[in-house]
Amino acid sequence: MTLEQKVGQFFFPAVFINDSEEHIQEMESLIKKYNIGGLTFFHSRASAATNYESNKKIEFNDDSAIRLQELIVRYQKCASTPLLMSIDAEWGLAMRVEKTPQYPYAITLGALPDSEIDLVYQVGKQIGLDLKSVGIHYNLAPLADINNNPNNPVIGYRSFGEDKKKVADFAVAYLQGLTDAGVLGCLKHFPGHGNTSVDSHLGLPVLQESREELMENELVPFIEGIKNNVDSIMIGHLAVPSWNENQNTSATLSKNIIETLLRKQLGYKGLVISDALNMHSVSKLYEKKGQLEWEAFHAGNDVLCFAENVAEGIDEIVKNASLERINASFERIMQCKEKVGILDIDNQIDVYKKVDFDFKKTSDLNSKIAQLSVTTILDSNNSTSIFEAQKKNSLAKVSFYKEANNYFFDALASELPSSSFNFTLDNGNLEVLKSQLDTFETVLVAIFVPKVKPLNNFEIEDSVLDFLSVLLQNKNCFVYTFGNPYALQIIPNLKKAKGLVHTYQDFQEFQKVTAELLTKNHTTKGALPVKINLL
(Lines give C-alpha, C1' and ligand atoms only; values in the text may rest on other atoms or scores of the structure.)
Protein backbone atom coordinates (compact mmCIF):
# COMPACT_ATOMS: atom_id res chain seq x y z
CA MET A 1 0.00 0.00 0.00
CA THR A 2 0.98 3.62 -0.45
CA LEU A 3 1.28 5.76 2.66
CA GLU A 4 -2.09 7.37 1.88
CA GLN A 5 -3.72 3.94 1.58
CA LYS A 6 -2.29 2.88 4.93
CA VAL A 7 -3.59 6.05 6.57
CA GLY A 8 -6.99 5.43 4.97
CA GLN A 9 -7.23 2.31 7.15
CA PHE A 10 -7.51 4.51 10.26
CA PHE A 11 -10.85 5.96 9.18
CA PHE A 12 -14.19 4.43 10.21
CA PRO A 13 -16.85 6.83 8.92
CA ALA A 14 -20.49 6.37 9.93
CA VAL A 15 -22.92 4.64 7.60
CA PHE A 16 -26.65 4.46 8.01
CA ILE A 17 -28.71 1.35 7.38
CA ASN A 18 -31.75 3.29 6.24
CA ASP A 19 -30.00 5.77 3.98
CA SER A 20 -30.68 7.17 0.54
CA GLU A 21 -29.18 5.62 -2.58
CA GLU A 22 -27.32 8.87 -3.17
CA HIS A 23 -25.58 8.65 0.22
CA ILE A 24 -24.82 4.95 -0.29
CA GLN A 25 -23.10 5.68 -3.61
CA GLU A 26 -21.11 8.50 -1.99
CA MET A 27 -19.83 6.03 0.60
CA GLU A 28 -18.95 3.51 -2.10
CA SER A 29 -16.85 6.19 -3.81
CA LEU A 30 -15.16 7.04 -0.51
CA ILE A 31 -14.27 3.39 0.09
CA LYS A 32 -12.81 2.98 -3.39
CA LYS A 33 -10.90 6.25 -3.41
CA TYR A 34 -9.40 6.32 0.07
CA ASN A 35 -9.01 2.65 1.11
CA ILE A 36 -10.78 3.33 4.41
CA GLY A 37 -10.37 0.68 7.08
CA GLY A 38 -13.90 0.12 8.29
CA LEU A 39 -17.39 1.44 8.81
CA THR A 40 -19.56 2.06 11.86
CA PHE A 41 -23.26 1.34 11.34
CA PHE A 42 -26.15 3.35 12.72
CA HIS A 43 -29.87 2.95 12.11
CA SER A 44 -30.45 6.24 10.35
CA ARG A 45 -29.24 9.81 10.25
CA ALA A 46 -32.10 10.90 12.51
CA SER A 47 -31.18 8.34 15.17
CA ALA A 48 -27.61 9.55 15.69
CA ALA A 49 -27.25 10.83 19.24
CA THR A 50 -26.07 14.30 18.23
CA ASN A 51 -29.34 14.79 16.34
CA TYR A 52 -31.41 14.71 19.55
CA GLU A 53 -31.66 18.46 19.72
CA SER A 54 -32.86 18.70 16.11
CA ASN A 55 -35.87 16.47 16.88
CA LYS A 56 -35.64 14.70 13.55
CA LYS A 57 -38.24 11.96 13.34
CA ILE A 58 -36.86 8.40 13.18
CA GLU A 59 -38.53 6.36 10.45
CA PHE A 60 -38.63 2.71 11.45
CA ASN A 61 -38.12 -0.05 8.91
CA ASP A 62 -38.89 -3.71 9.62
CA ASP A 63 -36.48 -4.70 6.84
CA SER A 64 -33.47 -3.01 8.49
CA ALA A 65 -31.69 -6.33 9.19
CA ILE A 66 -31.91 -7.36 5.53
CA ARG A 67 -30.78 -3.90 4.42
CA LEU A 68 -27.84 -4.08 6.84
CA GLN A 69 -26.68 -7.40 5.44
CA GLU A 70 -27.06 -6.22 1.85
CA LEU A 71 -25.18 -2.98 2.55
CA ILE A 72 -22.32 -4.86 4.18
CA VAL A 73 -21.95 -7.07 1.11
CA ARG A 74 -22.22 -4.05 -1.17
CA TYR A 75 -19.62 -2.03 0.71
CA GLN A 76 -17.22 -4.99 0.99
CA LYS A 77 -17.35 -5.40 -2.79
CA CYS A 78 -16.05 -1.83 -3.15
CA ALA A 79 -13.09 -2.39 -0.87
CA SER A 80 -9.65 -3.39 -2.09
CA THR A 81 -8.81 -4.14 1.56
CA PRO A 82 -11.67 -5.89 3.44
CA LEU A 83 -13.53 -3.51 5.70
CA LEU A 84 -13.82 -4.09 9.45
CA MET A 85 -17.55 -3.61 10.02
CA SER A 86 -18.43 -2.21 13.44
CA ILE A 87 -21.56 -1.31 15.36
CA ASP A 88 -22.46 -0.19 18.85
CA ALA A 89 -24.61 -3.11 20.02
CA GLU A 90 -24.33 -3.02 23.80
CA TRP A 91 -27.60 -4.90 24.28
CA GLY A 92 -27.66 -6.54 20.88
CA LEU A 93 -28.41 -5.64 17.29
CA ALA A 94 -31.81 -4.39 18.51
CA MET A 95 -30.01 -1.30 19.78
CA ARG A 96 -29.75 -0.26 16.11
CA VAL A 97 -31.89 -2.66 14.06
CA GLU A 98 -35.59 -3.52 14.24
CA LYS A 99 -36.87 -7.10 14.53
CA THR A 100 -33.57 -8.45 15.87
CA PRO A 101 -32.82 -10.10 19.24
CA GLN A 102 -32.65 -7.78 22.23
CA TYR A 103 -30.79 -8.62 25.42
CA PRO A 104 -30.91 -6.91 28.82
CA TYR A 105 -29.18 -3.64 29.58
CA ALA A 106 -25.90 -3.78 31.50
CA ILE A 107 -27.59 -2.47 34.65
CA THR A 108 -29.93 -5.48 34.55
CA LEU A 109 -26.97 -7.84 34.30
CA GLY A 110 -25.39 -5.92 37.16
CA ALA A 111 -28.33 -6.94 39.38
CA LEU A 112 -27.41 -10.62 38.98
CA PRO A 113 -25.61 -12.39 41.83
CA ASP A 114 -21.85 -12.55 41.29
CA SER A 115 -22.14 -16.33 40.99
CA GLU A 116 -24.26 -15.98 37.83
CA ILE A 117 -21.49 -14.34 35.79
CA ASP A 118 -21.85 -17.08 33.16
CA LEU A 119 -25.11 -15.42 32.07
CA VAL A 120 -23.14 -12.27 31.22
CA TYR A 121 -20.76 -14.40 29.15
CA GLN A 122 -23.75 -15.98 27.37
CA VAL A 123 -25.19 -12.54 26.55
CA GLY A 124 -21.85 -11.47 25.06
CA LYS A 125 -21.60 -14.65 23.04
CA GLN A 126 -25.17 -14.50 21.68
CA ILE A 127 -24.75 -10.85 20.71
CA GLY A 128 -21.50 -11.79 18.96
CA LEU A 129 -23.19 -14.60 17.03
CA ASP A 130 -26.02 -12.28 15.97
CA LEU A 131 -23.54 -9.66 14.74
CA LYS A 132 -21.43 -12.18 12.89
CA SER A 133 -24.47 -13.59 11.10
CA VAL A 134 -25.03 -10.27 9.32
CA GLY A 135 -21.35 -9.60 8.60
CA ILE A 136 -20.27 -7.46 11.55
CA HIS A 137 -17.07 -8.44 13.36
CA TYR A 138 -16.53 -5.57 15.79
CA ASN A 139 -18.87 -4.62 18.65
CA LEU A 140 -18.14 -1.24 20.25
CA ALA A 141 -19.11 -2.66 23.66
CA PRO A 142 -19.27 -3.20 26.60
CA LEU A 143 -18.97 -0.23 28.95
CA ALA A 144 -16.28 -0.38 31.61
CA ASP A 145 -17.67 2.80 33.16
CA ILE A 146 -18.49 2.64 36.87
CA ASN A 147 -21.77 4.48 37.29
CA ASN A 148 -21.28 6.20 40.63
CA ASN A 149 -23.20 9.38 39.73
CA PRO A 150 -27.01 9.06 39.79
CA ASN A 151 -27.30 12.28 37.74
CA ASN A 152 -25.30 10.88 34.83
CA PRO A 153 -27.41 11.67 31.77
CA VAL A 154 -25.86 9.19 29.34
CA ILE A 155 -24.22 6.23 31.14
CA GLY A 156 -26.60 5.03 33.88
CA TYR A 157 -28.42 1.93 32.61
CA ARG A 158 -25.55 1.17 30.18
CA SER A 159 -23.15 0.42 33.06
CA PHE A 160 -22.96 -2.80 35.09
CA GLY A 161 -23.24 -0.64 38.22
CA GLU A 162 -21.18 1.16 40.80
CA ASP A 163 -19.11 -1.71 42.21
CA LYS A 164 -15.71 -1.56 40.50
CA LYS A 165 -14.94 -5.26 40.88
CA LYS A 166 -18.32 -6.35 39.54
CA VAL A 167 -18.06 -3.94 36.61
CA ALA A 168 -14.58 -5.30 35.84
CA ASP A 169 -15.55 -8.97 36.13
CA PHE A 170 -18.79 -8.66 34.17
CA ALA A 171 -17.19 -6.57 31.42
CA VAL A 172 -14.47 -9.21 30.98
CA ALA A 173 -17.09 -12.00 30.89
CA TYR A 174 -19.06 -10.15 28.19
CA LEU A 175 -15.84 -9.64 26.21
CA GLN A 176 -14.99 -13.33 26.47
CA GLY A 177 -18.41 -14.17 25.05
CA LEU A 178 -17.78 -11.91 22.06
CA THR A 179 -14.33 -13.44 21.57
CA ASP A 180 -15.71 -16.98 21.59
CA ALA A 181 -18.23 -15.92 18.95
CA GLY A 182 -15.39 -14.61 16.76
CA VAL A 183 -16.20 -10.93 17.25
CA LEU A 184 -13.94 -8.12 18.50
CA GLY A 185 -14.92 -6.28 21.67
CA CYS A 186 -14.21 -2.82 23.03
CA LEU A 187 -14.04 -1.40 26.55
CA LYS A 188 -15.29 2.16 26.84
CA HIS A 189 -15.14 5.08 27.72
CA PHE A 190 -11.52 5.40 28.92
CA PRO A 191 -10.59 6.64 31.49
CA GLY A 192 -14.15 6.38 32.85
CA HIS A 193 -17.39 8.23 32.04
CA GLY A 194 -19.41 7.12 35.08
CA ASN A 195 -18.91 10.00 37.50
CA THR A 196 -19.97 12.77 35.11
CA SER A 197 -23.13 14.86 34.78
CA VAL A 198 -22.76 16.07 31.18
CA ASP A 199 -23.71 14.13 28.01
CA SER A 200 -20.53 14.08 25.90
CA HIS A 201 -22.65 13.92 22.75
CA LEU A 202 -23.59 17.51 23.49
CA GLY A 203 -20.87 18.95 25.76
CA LEU A 204 -17.57 18.12 27.48
CA PRO A 205 -17.83 16.34 30.85
CA VAL A 206 -15.02 16.94 33.34
CA LEU A 207 -13.76 14.18 35.64
CA GLN A 208 -12.35 15.92 38.72
CA GLU A 209 -10.74 12.88 40.40
CA SER A 210 -7.04 12.88 41.28
CA ARG A 211 -4.66 10.43 39.63
CA GLU A 212 -4.76 8.26 42.75
CA GLU A 213 -8.56 8.23 42.85
CA LEU A 214 -8.73 7.25 39.18
CA MET A 215 -6.30 4.37 39.74
CA GLU A 216 -8.33 3.17 42.73
CA ASN A 217 -11.71 3.33 41.02
CA GLU A 218 -12.43 4.38 37.41
CA LEU A 219 -9.43 2.63 35.89
CA VAL A 220 -9.92 -0.73 37.64
CA PRO A 221 -12.18 -2.31 34.95
CA PHE A 222 -9.85 -1.12 32.17
CA ILE A 223 -6.83 -2.56 33.98
CA GLU A 224 -8.66 -5.89 34.30
CA GLY A 225 -9.57 -5.76 30.60
CA ILE A 226 -5.93 -5.13 29.67
CA LYS A 227 -4.88 -8.15 31.77
CA ASN A 228 -7.38 -10.21 29.76
CA ASN A 229 -6.17 -8.95 26.36
CA VAL A 230 -9.13 -6.78 25.43
CA ASP A 231 -9.17 -6.21 21.65
CA SER A 232 -9.71 -2.48 21.79
CA ILE A 233 -10.31 0.44 24.15
CA MET A 234 -12.42 3.46 23.24
CA ILE A 235 -11.32 6.86 24.50
CA GLY A 236 -14.12 8.99 25.90
CA HIS A 237 -14.78 12.63 25.14
CA LEU A 238 -14.21 13.81 28.70
CA ALA A 239 -11.67 16.06 30.31
CA VAL A 240 -9.43 14.71 33.07
CA PRO A 241 -7.45 17.71 34.40
CA SER A 242 -5.38 15.61 36.83
CA TRP A 243 -3.87 13.75 33.88
CA ASN A 244 -3.66 16.73 31.55
CA GLU A 245 -1.73 19.46 33.35
CA ASN A 246 -4.99 20.84 34.79
CA GLN A 247 -6.32 21.53 31.29
CA ASN A 248 -9.89 20.68 30.23
CA THR A 249 -8.79 18.91 27.06
CA SER A 250 -10.84 15.94 25.90
CA ALA A 251 -9.11 12.61 26.59
CA THR A 252 -9.60 11.82 22.91
CA LEU A 253 -7.17 14.60 22.06
CA SER A 254 -4.71 14.06 24.92
CA LYS A 255 -1.33 12.33 24.48
CA ASN A 256 -0.97 12.39 28.26
CA ILE A 257 -4.01 10.18 28.65
CA ILE A 258 -3.58 7.86 25.66
CA GLU A 259 0.19 7.59 25.23
CA THR A 260 1.37 8.20 28.79
CA LEU A 261 -1.42 6.71 30.93
CA LEU A 262 -2.94 4.01 28.74
CA ARG A 263 0.07 2.89 26.71
CA LYS A 264 3.03 3.46 29.03
CA GLN A 265 1.69 3.28 32.56
CA LEU A 266 -1.02 0.63 32.02
CA GLY A 267 0.94 -1.21 29.33
CA TYR A 268 -1.87 -1.48 26.77
CA LYS A 269 -0.69 -2.70 23.37
CA GLY A 270 -4.02 -3.22 21.61
CA LEU A 271 -6.18 -1.09 19.34
CA VAL A 272 -7.25 2.37 20.52
CA ILE A 273 -10.39 3.84 18.97
CA SER A 274 -11.77 7.32 19.46
CA ASP A 275 -15.34 7.90 20.49
CA ALA A 276 -17.41 9.32 17.63
CA LEU A 277 -15.71 12.43 16.25
CA ASN A 278 -19.04 13.99 15.32
CA MET A 279 -19.92 14.43 19.00
CA HIS A 280 -20.27 18.07 19.91
CA SER A 281 -17.75 17.92 22.74
CA VAL A 282 -14.99 17.80 20.07
CA SER A 283 -16.56 18.29 16.63
CA LYS A 284 -16.77 22.07 16.92
CA LEU A 285 -13.21 22.65 18.13
CA TYR A 286 -11.45 23.20 14.78
CA GLU A 287 -12.55 25.22 11.80
CA LYS A 288 -10.06 23.60 9.43
CA LYS A 289 -11.33 20.33 7.99
CA GLY A 290 -9.06 17.41 8.85
CA GLN A 291 -7.54 19.12 11.87
CA LEU A 292 -9.69 17.19 14.36
CA GLU A 293 -8.78 13.89 12.70
CA TRP A 294 -5.10 14.74 12.85
CA GLU A 295 -5.28 15.86 16.50
CA ALA A 296 -7.09 12.65 17.47
CA PHE A 297 -4.52 10.50 15.66
CA HIS A 298 -1.62 12.54 17.05
CA ALA A 299 -2.98 12.00 20.58
CA GLY A 300 -2.73 8.24 20.11
CA ASN A 301 -5.96 6.94 18.57
CA ASP A 302 -5.48 4.22 15.95
CA VAL A 303 -9.08 4.30 14.68
CA LEU A 304 -11.00 7.50 14.01
CA CYS A 305 -14.64 6.60 14.60
CA PHE A 306 -17.38 8.60 12.84
CA ALA A 307 -14.70 10.65 11.04
CA GLU A 308 -16.47 13.24 8.91
CA ASN A 309 -13.49 14.61 6.97
CA VAL A 310 -11.78 11.61 5.43
CA ALA A 311 -9.89 13.20 2.55
CA GLU A 312 -8.68 16.18 4.58
CA GLY A 313 -7.85 13.97 7.59
CA ILE A 314 -5.70 11.65 5.46
CA ASP A 315 -3.82 14.66 4.07
CA GLU A 316 -3.14 16.08 7.54
CA ILE A 317 -1.91 12.76 8.94
CA VAL A 318 0.32 12.03 5.93
CA LYS A 319 1.74 15.52 6.18
CA ASN A 320 2.38 15.51 9.95
CA ALA A 321 2.78 11.96 11.28
CA SER A 322 5.97 9.90 11.47
CA LEU A 323 6.27 6.76 9.37
CA GLU A 324 6.89 4.77 12.55
CA ARG A 325 3.60 5.94 14.12
CA ILE A 326 1.61 5.29 10.94
CA ASN A 327 2.99 1.77 10.66
CA ALA A 328 2.27 1.02 14.33
CA SER A 329 -1.41 1.93 14.01
CA PHE A 330 -1.67 0.19 10.64
CA GLU A 331 -0.28 -3.05 12.10
CA ARG A 332 -2.72 -2.98 15.02
CA ILE A 333 -5.68 -2.59 12.66
CA MET A 334 -4.50 -5.36 10.36
CA GLN A 335 -3.96 -7.69 13.32
CA CYS A 336 -7.59 -7.17 14.31
CA LYS A 337 -8.75 -7.88 10.76
CA GLU A 338 -6.65 -11.01 10.72
CA LYS A 339 -8.03 -12.14 14.08
CA VAL A 340 -11.64 -12.11 12.85
CA GLY A 341 -10.69 -13.69 9.54
CA ILE A 342 -11.92 -11.02 7.14
CA LEU A 343 -8.64 -11.02 5.22
CA ASP A 344 -9.57 -14.56 4.11
CA ILE A 345 -11.86 -14.32 1.08
CA ASP A 346 -13.63 -17.54 2.10
CA ASN A 347 -14.96 -15.81 5.21
CA GLN A 348 -16.76 -13.03 3.36
CA ILE A 349 -20.50 -12.95 4.02
CA ASP A 350 -22.77 -14.40 1.37
CA VAL A 351 -25.55 -12.00 0.36
CA TYR A 352 -27.81 -14.92 -0.45
CA LYS A 353 -27.51 -16.51 2.97
CA LYS A 354 -30.73 -15.78 4.86
CA VAL A 355 -30.15 -14.56 8.39
CA ASP A 356 -32.07 -16.65 10.93
CA PHE A 357 -31.82 -15.23 14.42
CA ASP A 358 -32.43 -17.67 17.28
CA PHE A 359 -35.19 -15.73 19.05
CA LYS A 360 -36.09 -18.78 21.17
CA LYS A 361 -32.57 -18.95 22.58
CA THR A 362 -32.64 -15.21 23.28
CA SER A 363 -36.00 -15.53 25.05
CA ASP A 364 -34.80 -18.43 27.20
CA LEU A 365 -31.68 -16.49 28.15
CA ASN A 366 -33.73 -13.40 29.01
CA SER A 367 -36.04 -15.53 31.20
CA LYS A 368 -33.08 -16.92 33.15
CA ILE A 369 -31.71 -13.42 33.67
CA ALA A 370 -35.14 -12.19 34.80
CA GLN A 371 -35.45 -14.99 37.38
CA LEU A 372 -32.14 -14.00 38.94
CA SER A 373 -32.21 -10.19 38.64
CA VAL A 374 -35.64 -9.10 39.90
CA THR A 375 -34.97 -7.22 43.15
CA THR A 376 -37.03 -6.76 46.31
CA ILE A 377 -36.35 -3.33 47.80
CA LEU A 378 -39.13 -3.08 50.43
CA ASP A 379 -40.71 -6.27 51.71
CA SER A 380 -43.89 -6.57 53.75
CA ASN A 381 -44.65 -10.14 52.79
CA ASN A 382 -46.05 -8.97 49.46
CA SER A 383 -47.69 -12.15 48.23
CA THR A 384 -49.56 -12.96 51.45
CA SER A 385 -50.83 -9.40 51.92
CA ILE A 386 -51.90 -9.05 48.28
CA PHE A 387 -53.77 -12.38 48.30
CA GLU A 388 -55.50 -11.51 51.57
CA ALA A 389 -56.69 -8.22 50.06
CA GLN A 390 -57.91 -10.05 46.98
CA LYS A 391 -59.96 -12.46 49.09
CA LYS A 392 -61.65 -9.48 50.80
CA ASN A 393 -62.36 -7.89 47.39
CA SER A 394 -60.33 -4.88 48.50
CA LEU A 395 -57.57 -5.21 45.86
CA ALA A 396 -57.22 -3.17 42.70
CA LYS A 397 -54.43 -3.31 40.13
CA VAL A 398 -53.34 -0.15 38.34
CA SER A 399 -50.80 0.17 35.54
CA PHE A 400 -48.98 3.39 34.70
CA TYR A 401 -47.70 3.94 31.15
CA LYS A 402 -48.98 0.60 29.84
CA GLU A 403 -52.49 -0.62 29.16
CA ALA A 404 -54.06 -2.85 31.81
CA ASN A 405 -53.75 -5.87 29.53
CA ASN A 406 -49.96 -5.90 29.87
CA TYR A 407 -48.03 -9.15 30.22
CA PHE A 408 -47.59 -8.64 33.98
CA PHE A 409 -51.30 -8.24 34.72
CA ASP A 410 -52.27 -10.95 32.24
CA ALA A 411 -49.94 -13.39 34.01
CA LEU A 412 -51.54 -12.45 37.35
CA ALA A 413 -55.12 -12.69 36.13
CA SER A 414 -55.87 -16.32 36.95
CA GLU A 415 -54.34 -16.20 40.45
CA LEU A 416 -55.30 -12.61 41.30
CA PRO A 417 -58.59 -11.75 39.59
CA SER A 418 -59.40 -8.16 40.53
CA SER A 419 -60.38 -4.83 39.05
CA SER A 420 -57.65 -3.43 36.81
CA PHE A 421 -57.11 0.17 35.77
CA ASN A 422 -54.47 2.08 33.87
CA PHE A 423 -53.04 5.46 33.02
CA THR A 424 -51.27 6.14 29.73
CA LEU A 425 -50.61 9.35 27.84
CA ASP A 426 -53.17 8.29 25.22
CA ASN A 427 -55.72 7.08 27.73
CA GLY A 428 -55.41 8.80 31.05
CA ASN A 429 -57.48 10.88 33.41
CA LEU A 430 -56.08 10.99 36.90
CA GLU A 431 -59.27 12.38 38.42
CA VAL A 432 -61.27 9.49 37.02
CA LEU A 433 -58.61 7.03 38.19
CA LYS A 434 -58.74 8.51 41.70
CA SER A 435 -62.46 7.95 41.93
CA GLN A 436 -62.12 4.41 40.54
CA LEU A 437 -59.65 3.52 43.30
CA ASP A 438 -61.57 5.16 46.14
CA THR A 439 -63.31 1.99 47.34
CA PHE A 440 -60.16 -0.18 47.40
CA GLU A 441 -57.92 -0.45 50.46
CA THR A 442 -55.02 -2.17 48.70
CA VAL A 443 -53.54 -1.26 45.32
CA LEU A 444 -51.01 -3.23 43.33
CA VAL A 445 -49.23 -0.49 41.39
CA ALA A 446 -47.23 -1.35 38.25
CA ILE A 447 -45.10 1.52 36.97
CA PHE A 448 -43.56 1.06 33.53
CA VAL A 449 -40.98 3.87 33.49
CA PRO A 450 -41.52 5.60 30.11
CA LYS A 451 -37.88 6.41 29.31
CA VAL A 452 -34.58 4.84 30.27
CA LYS A 453 -32.66 8.14 30.42
CA PRO A 454 -33.23 10.57 33.32
CA LEU A 455 -34.01 13.64 31.18
CA ASN A 456 -37.30 15.25 32.25
CA ASN A 457 -37.80 12.82 35.13
CA PHE A 458 -37.74 9.82 32.78
CA GLU A 459 -40.79 11.45 31.08
CA ILE A 460 -42.97 10.83 34.13
CA GLU A 461 -45.32 13.82 34.42
CA ASP A 462 -45.44 15.87 37.61
CA SER A 463 -49.18 15.17 37.82
CA VAL A 464 -48.48 11.42 37.91
CA LEU A 465 -45.83 11.87 40.60
CA ASP A 466 -48.29 13.91 42.67
CA PHE A 467 -50.97 11.26 42.18
CA LEU A 468 -48.61 8.48 43.26
CA SER A 469 -47.53 10.50 46.30
CA VAL A 470 -51.11 10.78 47.54
CA LEU A 471 -51.88 7.16 46.70
CA LEU A 472 -48.85 5.90 48.64
CA GLN A 473 -49.93 7.88 51.72
CA ASN A 474 -53.57 6.79 51.68
CA LYS A 475 -53.61 3.20 50.43
CA ASN A 476 -51.80 -0.05 51.10
CA CYS A 477 -49.62 0.11 47.99
CA PHE A 478 -47.53 -2.76 46.69
CA VAL A 479 -45.39 -1.25 43.95
CA TYR A 480 -43.80 -3.10 41.05
CA THR A 481 -41.53 -0.96 38.87
CA PHE A 482 -40.13 -1.82 35.45
CA GLY A 483 -37.20 0.14 33.99
CA ASN A 484 -34.23 2.18 35.14
CA PRO A 485 -33.96 1.87 38.96
CA TYR A 486 -32.80 5.48 39.24
CA ALA A 487 -36.40 6.47 38.43
CA LEU A 488 -37.42 5.23 41.90
CA GLN A 489 -35.66 8.25 43.42
CA ILE A 490 -38.13 10.73 41.92
CA ILE A 491 -41.36 9.13 43.23
CA PRO A 492 -42.49 11.00 46.36
CA ASN A 493 -43.36 8.91 49.43
CA LEU A 494 -42.23 5.68 47.80
CA LYS A 495 -40.80 4.72 51.20
CA LYS A 496 -44.39 4.41 52.39
CA ALA A 497 -45.07 1.53 50.01
CA LYS A 498 -45.95 -1.72 51.81
CA GLY A 499 -43.78 -3.54 49.31
CA LEU A 500 -41.49 -2.53 46.45
CA VAL A 501 -40.11 -4.89 43.81
CA HIS A 502 -37.99 -3.69 40.90
CA THR A 503 -37.62 -5.33 37.48
CA TYR A 504 -35.07 -3.75 35.18
CA GLN A 505 -36.70 -4.49 31.80
CA ASP A 506 -40.27 -4.54 30.55
CA PHE A 507 -39.63 -7.42 28.14
CA GLN A 508 -42.41 -9.99 28.04
CA GLU A 509 -40.16 -12.53 29.79
CA PHE A 510 -39.36 -10.12 32.62
CA GLN A 511 -43.02 -9.23 33.21
CA LYS A 512 -44.06 -12.89 33.29
CA VAL A 513 -41.24 -13.90 35.63
CA THR A 514 -42.12 -11.01 37.99
CA ALA A 515 -45.73 -12.20 38.10
CA GLU A 516 -44.61 -15.76 38.78
CA LEU A 517 -42.36 -14.66 41.64
CA LEU A 518 -45.36 -12.87 43.18
CA THR A 519 -47.95 -15.64 42.77
CA LYS A 520 -45.60 -18.40 43.93
CA ASN A 521 -44.25 -16.26 46.78
CA HIS A 522 -40.67 -16.94 45.67
CA THR A 523 -37.75 -14.99 47.09
CA THR A 524 -36.16 -12.66 44.57
CA LYS A 525 -32.43 -13.08 43.97
CA GLY A 526 -31.36 -9.77 42.42
CA ALA A 527 -29.61 -6.89 44.17
CA LEU A 528 -29.56 -3.22 43.24
CA PRO A 529 -26.33 -2.53 41.31
CA VAL A 530 -26.49 1.17 42.24
CA LYS A 531 -27.44 3.07 45.40
CA ILE A 532 -31.01 4.33 45.45
CA ASN A 533 -32.31 6.96 47.88
CA LEU A 534 -36.07 6.63 48.22
CA LEU A 535 -38.16 9.70 49.04
Side-chain angles (χ1 to χ4, degrees), residues 1-16 22-23 26-40 42 45 48-54 86 189-190 198-206 234-241 243-260 272-330 333:
M1 293 185 197
T2 64
L3 197 59
E4 287 79 7
Q5 287 174 324
K6 282 186 175 182
V7 173
Q9 288 292 296
F10 308 155
F11 288 77
F12 280 50
V15 285
F16 304 92
E22 180 184 1
H23 281 122
E26 285 175 4
M27 184 53 62
E28 287 177 321
S29 297
L30 204 68
I31 293 166
K32 290 174 184 173
K33 188 171 182 180
Y34 296 108
N35 194 44
I36 61 178
L39 302 171
T40 302
F42 294 84
R45 291 175 186 268
T50 50
N51 288 334
Y52 287 160
E53 70 271 30
S54 69
S86 65
H189 305 80
F190 188 85
V198 173
D199 184 344
S200 55
H201 293 95
L202 308 175
L204 184 67
V206 179
M234 178 181 284
I235 310 300
H237 296 313
L238 58 148
V240 191
W243 264 102
N244 214 38
E245 299 167 356
N246 293 318
Q247 300 297 307
N248 283 355
T249 304
S250 172
T252 341
L253 305 174
S254 168
K255 287 190 91 162
N256 287 332
I257 288 170
I258 302 175
E259 295 290 355
T260 305
V272 172
I273 179 172
S274 74
D275 205 344
L277 294 181
N278 73 318
M279 289 164 64
H280 293 180
S281 47
V282 295
S283 65
K284 300 178 183 296
L285 290 176
Y286 305 102
E287 288 186 19
K288 182 182 177 185
K289 284 188 174 184
Q291 184 70 19
L292 173 61
E293 285 77 8
W294 155 245
E295 297 291 348
F297 181 76
H298 182 56
N301 293 285
D302 302 306
V303 171
L304 307 173
C305 181
F306 214 135
E308 296 185 299
N309 304 297
V310 175
E312 297 89 349
I314 290 172
D315 286 345
E316 289 296 316
I317 293 171
V318 168
K319 185 169 66 178
N320 293 297
S322 70
L323 186 59
E324 180 185 12
R325 174 62 215 289
I326 288 172
N327 283 333
S329 288
F330 176 76
I333 290 169

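Every heavy atom of this structure was used, including side-chain atoms; hydrogens, water molecules and symmetry mates were not. For this chain, numbers begin at 1 and follow the sequence in order.
To the nearest 0.5 angstrom, L238 atom CG is 9.0 Å from H189 atom NE2. Between I326 atom CD1 and L3 atom CG the span is 4.0 Å, to the nearest 0.5 Å. Remark: I258 CD1 to T252 OG1 distance equals 7.0 Å, nearest 0.5 Å. Atoms OG and NE2, on S274 and H237 in that order, are 6.0 Å from each other to the nearest 0.5 Å. Taking CG of D302 as the start and CZ of F10 as the end, the distance is 7.5 Å to the nearest 0.5 Å. One finds the CD1 atom of I317 at 8.0 Å from the CZ atom of R325 (value rounded to the nearest 0.5 Å).
Residues E308 and L277 have side chains not in contact (no heavy-atom distance under 4.5 Å, counting atoms from C-beta outward). The shortest distance between side-chain heavy atoms of M234 and N301 does not fall below 4.5 Å. Taking 4.5 Å as the limit, every side-chain heavy atom of S86 sits out of range of all side-chain heavy atoms of L39. Within the 4.5 Å cutoff, the side chain of K289 has no heavy atoms near those of the D315 side chain. Annotation: side chain of F306 is not in contact with side chain of T40 (no heavy-atom distance under 4.5 Å). Looking at L253 and L285, their side chains come closer than 4.5 Å, going by heavy atoms from C-beta outward. Between T260 and K255, the closest side-chain pair of non-hydrogen atoms is not below 4.5 Å. Considering only heavy atoms from C-beta on, I31 stays 4.5 Å or farther from V15 through its side chain.
With Q5 contributing its side chain and T2 its backbone, the two residues share a donor-acceptor pair below 3.5 Å. A distance-only check finds no donor-acceptor pair linking the side chain of S254 to the backbone of S250 [under 3.5 Å]. A side-chain donor-acceptor contact under 3.5 Å links N320 to the backbone of E316.
The minimum heavy-atom distance linking Y34 with A311 is given by the pair OH-CB, 3.3 Å. Closest non-hydrogen pair, P205 versus G203, comes out as CD-O, 3.3 Å.
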Atom pairs and distances, donor-acceptor, side-chain atoms in residues 292-300, under 3.5 Å, two or more places apart:
{"residue": "E293", "atom": "OE2", "partner": "N309", "partner atom": "N", "Å": "3.3"}
{"residue": "E293", "atom": "OE2", "partner": "N309", "partner atom": "ND2", "Å": "3.4"}
{"residue": "E295", "atom": "OE2", "partner": "Q291", "partner atom": "NE2", "Å": "2.7"}

